[in-house]
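One structure is given here, and the rest of the page talks about it.
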Amino acid sequence: MSNFESLSKAVIAGNVGQAAEITKNALDLGARPMDILNLGLLPGMAVVGDRFKKGDMFVPEVLMAARVMQSCMEILKPMLVDEEVPSAGTVVIGTVKGDLHDIGKNLVAMMLESAGFRVVNLGVDVPPEKFASAIREHKPHILGMSALLTTTMLRMKDTIELLEEEGLRDKVKVIVGGAPVTRDFSEEIRADGYAPDAASAAELAKQIVGFSVSS
Amino acid sequence: MGNMVCPNFKVCVTPQFEVLTQDQRQQIYFGALEILARTGAQIHDERTLELLQQNGCQVEGTRVYFPRALVEWAVAAAPSYVTIYDRNGRPAMYLGGNNVYFGPGPTNTFHLDPFTGERRKPLKTDKADVARVVDALPNIDYAMDLGTPSDVTSTLADVHAFDAMVRNTEKPIVHWGFDVEQYEDIIKMAAAVKGGLEQLARRPFIVLYSESSPPLVHSKEAIAKALYAAEMGIPVIYTPCVMAGATAPATMAGTLAITVAESLAGLTAVQLLKKGAPFIMGGVISIMDMSSTILSYGAPEFNLLQAALAEVAHHIGLPVFGTGGCIDSKVLDAQAAAEAAQSILLSALSGANLVHDCGYMEFGSTGSVELLVLDDEIIGYVKRIMRGINIDDESLALEVIDRVGPGGHFLGEDHTMAHFRTETWFPTLCDRRRYDDWVAHGSTSLEQRLKEKTQAIIRGHQPRPLPDHVLARLDEIVSAAEEREAAKAKKRR
Ligand code: B12
């Protein structure tokens with residue numbers, strides 16, 4: 001039991017080496033992989049999420065905790081059946097054409113990965129056609145577009161229109177963000193969601209995937 | 001007293017502070033040289049790559065490694081001070097040494113409407129208002145647009161912003177452009193005002209800035225724009241926007257070294273193209289707030305880093321683009337005033353030359369002329385501190401002290417009459433009335449007085465207009481740019 005608690009603590013502390021060691025030891029002692037996940041790793045991540053919201057933990061620490069979680073999952077994966085591996089889904093993300101701002105988009109990508117998504121990051125200056133072909137190739141649940149300039153945020157609309165033309169629009173949920181983007185704007189261009197920062201982007205993505213699974 | 005010799009008397013007419021020692025400045029500079037030599041930078045412009053390769057840089061694809069001596073040559077080749085003129089051709093700013101000038105910032109996404117208090121998209125008419133407010137304020141030395149106008153052809157927002165500003169202020173203008181084509185438009189407009197490109201280059205009243213993409217990436221537009229402006233004889237600012245912990249190490253020193261390396265890569269290209277071209281080193285540097293993920297414009301680290309950057313620039317003898325009068329607060333509250341005052345005082349104390357971003361709210365997302373007016377007041381206050389205490393026989397006033405003697409007063413003295421106006425600063429917004437008087441005048445808060453003053457300037461101040469033939473020429477240049485963009489848009493469709 002106390003092993004799970006120290007595993008949670010290692011996740012919270014962002015200690016990859018210690019967490020991996022505890023995970024391996026627990027397996028050697030006969031613990032069930034699902035218990036390690038549900039009683040050790042996930043409760044640790046839950047605390048991290050809570051503390052981040054309260055302002056007691058900060059972005060680099062959250063990312064580090066997520067890295068710990070992922071490396072322990074690598075150890076557990078071979079022992080879990082597919083349905084047991086928590087994968088939230090796939091997200092294709094990029095900064096729109098003409099826009100070179102990438103820090104915000106990368107942070108969103110990292111937060112999504114931390115939340116269990118597989119992320120395909122297309123980089124910056126991504127034209128609508130490239131988003132479309134990435135959707136065909138990766139069949140993501142979610143497309144995320146980032147724009148930091150008032151001028152380039154109109155490219156989000158272009159992309160959504162292209163997806164409509166090519167019959168891809170209903171195959172993917174589109175979320176948008178970046179400093180000039182507002183909820184009103186996202187509704188205007190018929191996106192499915194908007195988030196003002198990386199943490200809420202991850203929440204939004206989880207919500208969307210939850211909805212699309214049940215509906 | 002006058003004949004007295006005072007050994008070890010350190011003259012300090014203007015207060016200054018230092019955050020780095022000479023050795024530390026050297027370490028940051030060497031760090032930057034080392035980054036450029038060892039890690040190099042990515043440069044996405046063919047012409048720049050060729051220029052750098054021909055002059056001894058090692059170029060592998062887009063990756064460029066800069067020989068230390070080449071960068072040092074470029075630092076020495078650039079002038080250590082740059083003179084900027086006003087629209088009328090009078091020298092307005094001597095950028096160099098510890099000379100400090102203040103102005104607004106560029107390209108905010110939103111505009112805080114000074115009449116309705118609404119945070120909304122900026123309009124072209126707002127740019128005219130910004131310019132007129134700049135023109136009216138005694139402590140604001142130059143104009144910047146304080147927001148990208150949203151009611152014009154989007155790819156010409158820069159050109160329209162310039163059009164609105166140049167008609168509405170006689171002060172110098174620091175500006176930007178999306179790409180080389182827009183730089184051409186803007187330079188044409190400025191040349192029209194001066195009666196020719198040659199006249200403009202001889203007495204530039206505009207400065208153009210572009211930004212690299214840290215860490216260590218130089219986009220095609222950023223570097224091509226800097227080279228183009230330098231070629232045209234326009235002073236350039238090359239300024240990265242660096243976030244400690246995100247696009248730079250979390251440590252202040254590493255962040256500074258990257259910032260300097262970014263700007264020096266631009267400097268090297270510019271000087272190779274045109275030796276001696278006026279160049280202003282830049283860098284908006286702060287921490288990424290690790291909770292909200294914003295780039296903070298009000299953090300203590302921001303102030304520390306900006307001051308240190310100015311010191312490194314002084315050390316290597318380049319004029320520097322400073323940052324101050326900007327805030328993280330979303331409203332003009334106590335946080336706003338505290339943040340604005342700190343950065344203005346520290347920029348002045350550090351001797352940053354071209355301090356910009358006055359009027360920046362919400363970490364740069366929103367531009368506010370009211371904040372600009374508040375900043376003007378704070379700058380006045382700070383300028384008084386910077387004037388320091390003058391000590392000579394006349395100011396030490398032993399004669400008058402002796403004449404008045406114990407128990408007297410100085411109110412009626414000629415000496416008082418002769419000096420009190422120049423020795424003291426008179427506030428225009430800060431309230432010093434006695435209580436009853438303050439009540440009699442409406443018991444106003446600073447915010448109310450600020451609104452009133454701002455609105456009065458916008459309603460009342462009108463700078464001298466440009467001659468009709470210049471205005472007509474500006475119209476022509478804007479129309480031609482519109483036609484070009486329309487043709488491009490058609491082609492795209
Ligand atoms: C850093 C910066 C740069 C750097 C970018 C370096 C890099 N590697 O990314 C450089 C120097 C290259 C740069 C260049 C320019 N910039 Co700039 N830049 C900024 C700055 C200061 C910070 C942006 C940032 O990284 N913030 C930190 C990150 C973490 O936050 P974020 O990007 O907002 O992202 C968060 C949220 O928005 C959200 N989010 C973001 N993307 C997404 C996507 C999805 C799907 C979701 C759900 C959420 C989401 O989550 C993120 C994490 O919490 C902003 C100022 C500001 N107030 O935003 C200006 C700013 C965005 N830039 C601006 C401008 C004008 C420019 C230039 C045109 C300047 C010039 N004259 O050349 C160029 C344009 C280059 C180009 N073609 O893109 C203006 C934009 C004005 C406008 N509305 O059009 C701003 C607002 C500055 C200002 N006040 O004037 N810039």
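The chains referred to below are lettered A, B, ... by the order of the sequence lines, with proteins before strands, and numbering in each begins at 1. The structure displayed is predicted, hence computed values, not measured ones.
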For chain B, the option from A:Ile103, A:Val62, A:Asn106 that forms the most heavy-atom pairs under 4.5 Å: A:Ile103
Per-residue contact mode, A:Met153 against chain B (heavy atom under 4.5 angstrom): side chain
Closest approach of A:Ser186 to A:Tyr194 (non-hydrogen atoms, all atoms of both residues): OG-CB, 3.5 Å
Residue pair A:Asp99 / A:Val124, side-chain heavy-atom distance below 4.5 Å: no
Counting C-beta onward and ignoring hydrogens, is there a side-chain heavy-atom pair between A:Phe185 and A:Met156 closer than 4.5 Å? yes
Would you mind checking which part of B:Thr247 comes under 4.5 Å of any heavy atom in chain A, side chain (CB onward), backbone (N, CA, C, O), both or neither? side chain
Is the closest basic N to carboxylate O distance between A:Arg155 and A:Asp158 below 4.0 Å? yes
